[in-house]
Amino acid sequence: MSSTLLLGKLALITGAGGGIGRATAVRFAQEGATVIVTDRKIKQAEETAKKLGGTHLPLELDVTNADNVQSVIEEAINKYKRPPSITVNCAGITRDAFILKMDDSDFDLVLNVNLKGTYLVMKHVVQKMIEHKVGGAIVNISSITAKMGNMGQCNYAPSKAAVETLTRVAAKEFAKFGIRVNTVIPGFVHTPMTDHVPDKVKELILKQIALKRFGEPEEISDTIAFLSSDKSSFVTGASIEVSGGQS
Ligand code: NAP
């Protein structure tokens with residue numbers, strides 16, 4: 001099914017080889033956008049791009065590497081003669097352990113990818129949007145665990161709380177350039193990230209969800225598409241929970 005919510009827009013998605021990023025890329029293409037499909041592993045990005053059909057651009061992008069972030073944006077500008085007007089920061093990782101057992105390097109790694117990666121991509125894409133006088137929308141991804149404070153996620157949950165705060169800061173700083181910045185807060189969603197969660201833990205999580213089921217990546221990308229589109233023209237600095245009522 002194709003429609004025109006994002007017709008003619010150029011969008012950059014990070015982590016687009018994963019569950020939510022891939023569903024978002026598919027949705028964006030269906031809505032008429034051209035997608036710069038990026039992931040840490042180029043094969044993953046290429047697989048997503050293949051699903052989209054048409055002309056989209058798969059690129060390798062490690063969001064923790066500022067040089068890589070800049071070169072990807074340059075490459076996109078060279079190809080399309082403009083920077084993306086939509087950016088979705090889907091790249092994210094977990095490295096779960098209780099605080100007393102947490103490896104310090106895993107603490108740093110999760111903060112680095114989830115928080116610093118989001119910051120770096122926003123910073124460099126917005127610099128180019130300003131240079132080219134392009135307004136648009138940025139969507140960042142937090143998590144319901146940021147609000148709930150899940151045990152075993154002393155790195156992940158704070159990184160996602162910080163993404164939401166960073167988004168509010170960015171919304172205020174970038175409003176004068178015509179750039180809106182919002183957060184989507186997913187609950188538990190069926191993706192490669194959650195595949196490895198043990199069944200016992202899944203049973204416990206299910207009890208926390210009002211709708212008594214897990215989400216699908218497409219249900220997250222619906223909200224991402226809305227926040228990326230002109231339909232949300234008066235929405236910035238906002239956070240939208242898409243969690244089936246998880247608390
Ligand atoms: P996913 O399937 O694991 O996708 C995440 C993607 O990001 C993967 O392709 C991953 O590559 C990539 N990635 C990891 N490190 C990266 C880096 N340094 N640079 C660029 N890409 C990198 O996870 P998902 O469930 O779709 O998650 C998407 C976002 O939603 C994440 O921010 C996640 O925290 C958030 N979220 C997910 C859920 C959920 O229940 N699934 C709930 C709340 C929030 P590798 O596979 O090679 O690591």
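Reckoned from all heavy atoms, side chains included, excluding hydrogens, waters and symmetry mates. In listed order, ligands and their atoms are each counted from 1.
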G92 neighbourhood, listing ligand 1 atoms whose heavy-atom distance to it stays under 4.0 Å: 5 (C), 7 (O), 14 (C), 31 (C), 32 (O)
Before you tell me yes or no, could you show the steps for E219 and R213 under salt bridge (Lys or Arg N to Asp or Glu O under 4.0 Å), namely the whole-Å CA-CA distance, both residues' side-chain angles and the distance that decides it to 0.1 Å? CA-CA 12 Å; E219 295 179 289; R213 67 171 178 85; 2.7 Å; yes
Ligand 1 N/O within reach of G19 N/O, cut-off under 3.5 Å: yes
Sort out for me which residue in T118, V181, T183 forms a side-chain contact (heavy atoms from CB on, under 4.5 Å) with I138. V181
Considering all heavy atoms, the nearest G17-R22 contact: O-NH2, 3.5 Å
Minimum-distance protein heavy atom relative to atom 18 (N) of ligand 1: D62 OD1, 2.9 Å
Do D62 and N68 get their side chains close enough for a donor-acceptor pair, meaning under 3.5 Å? no
Within a radius of less than 6.0 Å around CZ of F214, do more than 12 heavy atoms belonging to other residues, nucleotides or ligands occur? yes
Atom 30 (O) of ligand 1 - nearest protein heavy atom and its distance: I141 CG2, 3.4 Å
Residue, atom and distance of the protein heavy atom nearest atom 3 (O) of ligand 1 read M193 CB, 3.6 Å
Does ligand 1 have any atom sitting under 4.0 Å from a heavy atom of F214? no
Could you identify the single nearest non-hydrogen protein atom to atom 9 (O) of ligand 1 and state the distance to 0.1 Å? D39 OD2, 2.8 Å
Show which atoms of ligand 1 fall inside a sub-4.0 Å distance from at least one heavy-atom site of K41. 47 (O)
Is it the side chain (CB and beyond), the backbone, both or neither of I20 that lies under 4.0 Å from ligand 1, heavy atoms counted? both
Assess the side chains of N150 and T145: does a donor N or O sit below 3.5 Å from an acceptor N or O? no
List ligand 1 atoms under 4.0 Å from P192, heavy atoms only on the residue side. 2 (O)
Geometry only, no angles: is V63 polar-contacting ligand 1 at N/O separations under 3.5 Å? yes
Heavy-atom contact check, 4.0 Å cutoff: does H190 meet ligand 1? no
Looking at ligand 1, is there an atom of it that comes within less than 4.0 Å of some heavy atom belonging to G187? yes
With a cut-off of 6.0 Å (strictly less than), are more than 12 heavy atoms of other residues, nucleotides or ligands near NZ of K202? yes
Heavy-atom contacts under 4.0 Å between A16 and ligand 1: side chain, backbone, both, or neither? neither
Which atom pair, heavy atoms only, marks the closest approach of V72 to L12? CG1-CD1, 4.3 Å
Show every side-chain hydrogen bond (donor to acceptor under 3.5 Å, both in side chains) that has at least one partner inside residues 189-201, sequence neighbours left out. H190-E216
Under-4.0 Å heavy-atom contact with ligand 1, by part of T14 that carries it: neither
Specify the closest pair of heavy atoms between D39 and A45, including all atoms of both residues, with the distance to one decimal. N-CB, 3.9 Å
Does Q44 have a non-hydrogen atom less than 4.0 Å from ligand 1? no
For ligand 1, the portion of T191 having any non-hydrogen atom under 4.0 Å away: side chain
Ligand-side contact atoms (ligand 1) for residue partner I93, heavy atom cut-off under 4.0 Å: 14 (C), 15 (N)
Is it the case that the side chain of R180 and the backbone of T236 share a donor-acceptor pair, with hydrogens and angles ignored and the cut-off at 3.5 Å? no
What protein heavy atom sits nearest atom 4 (O) of ligand 1, and how far off is it? G18 CA, 3.3 Å
Can you sort out which atoms of ligand 1 are near S143, meaning under 4.0 Å from one of its heavy atoms? 43 (C), 44 (C)
Relative to ligand 1, is R40 under 4.0 angstrom through side chain, backbone, both or neither, heavy atoms considered? both
Under 4.0 Å between a Lys/Arg side-chain N and an Asp/Glu carboxylate O for E47 and K51? no
Proximal ligand 1 atoms for S142, defined as those under 4.0 Å from one of its heavy atoms: 43 (C), 44 (C)
Considering only heavy atoms, does R22 approach ligand 1 within less than 4.0 Å through its side chain, its backbone, both, or neither? neither
If you compare all heavy atoms of S232 against all heavy atoms of L227, which two are closest, and at what distance to 0.1 Å? OG-O, 3.2 Å
Under 3.5 Å, N or O to N or O, is Y156 touching ligand 1 that way? yes
Using a 6.0 Å cut-off, check whether atom CG of L211 has over 12 heavy atoms from anything other than its own residue. yes
With heavy-atom distances below 4.0 Å as the criterion, list the atoms of ligand 1 near K160. 31 (C), 32 (O), 33 (C), 34 (O)
Starting from atom 29 (C) of ligand 1, locate the nearest protein heavy atom and write down its residue, its atom name and how far away it is, to 0.1 Å. C90 O, 3.1 Å
Walk me through it: do R27 and E31 pass the test salt bridge (Lys or Arg N to Asp or Glu O under 4.0 Å)? CA-CA 6 Å; R27 179 67 196 273; E31 294 291 350; 3.0 Å; yes
Taking 4.0 angstrom as the limit and counting only heavy atoms of L61, give me the atoms of ligand 1 inside it, by number and element. 19 (N), 20 (C)
Do other residues, nucleotides or ligands put more than 12 heavy atoms under 6.0 Å from the NZ atom of K207? no
Apply the test salt bridge (Lys or Arg N to Asp or Glu O under 4.0 Å) to residues K9 and D230: give CA-CA distance (whole Å), side-chain angles for both, the deciding distance (0.1 Å), then the verdict. CA-CA 11 Å; K9 308 268 191 196; D230 298 336; 3.4 Å; yes
At a 4.0 Å cut-off, with the gap strictly under it, does some heavy atom of A23 reach an atom of ligand 1? no
Would you call G117 a ligand 1 contact, heavy-atom distance under 4.0 Å? no
Closest by any non-hydrogen atom to atom 39 (C) of ligand 1: pick that one out of V189, I144, D195. V189
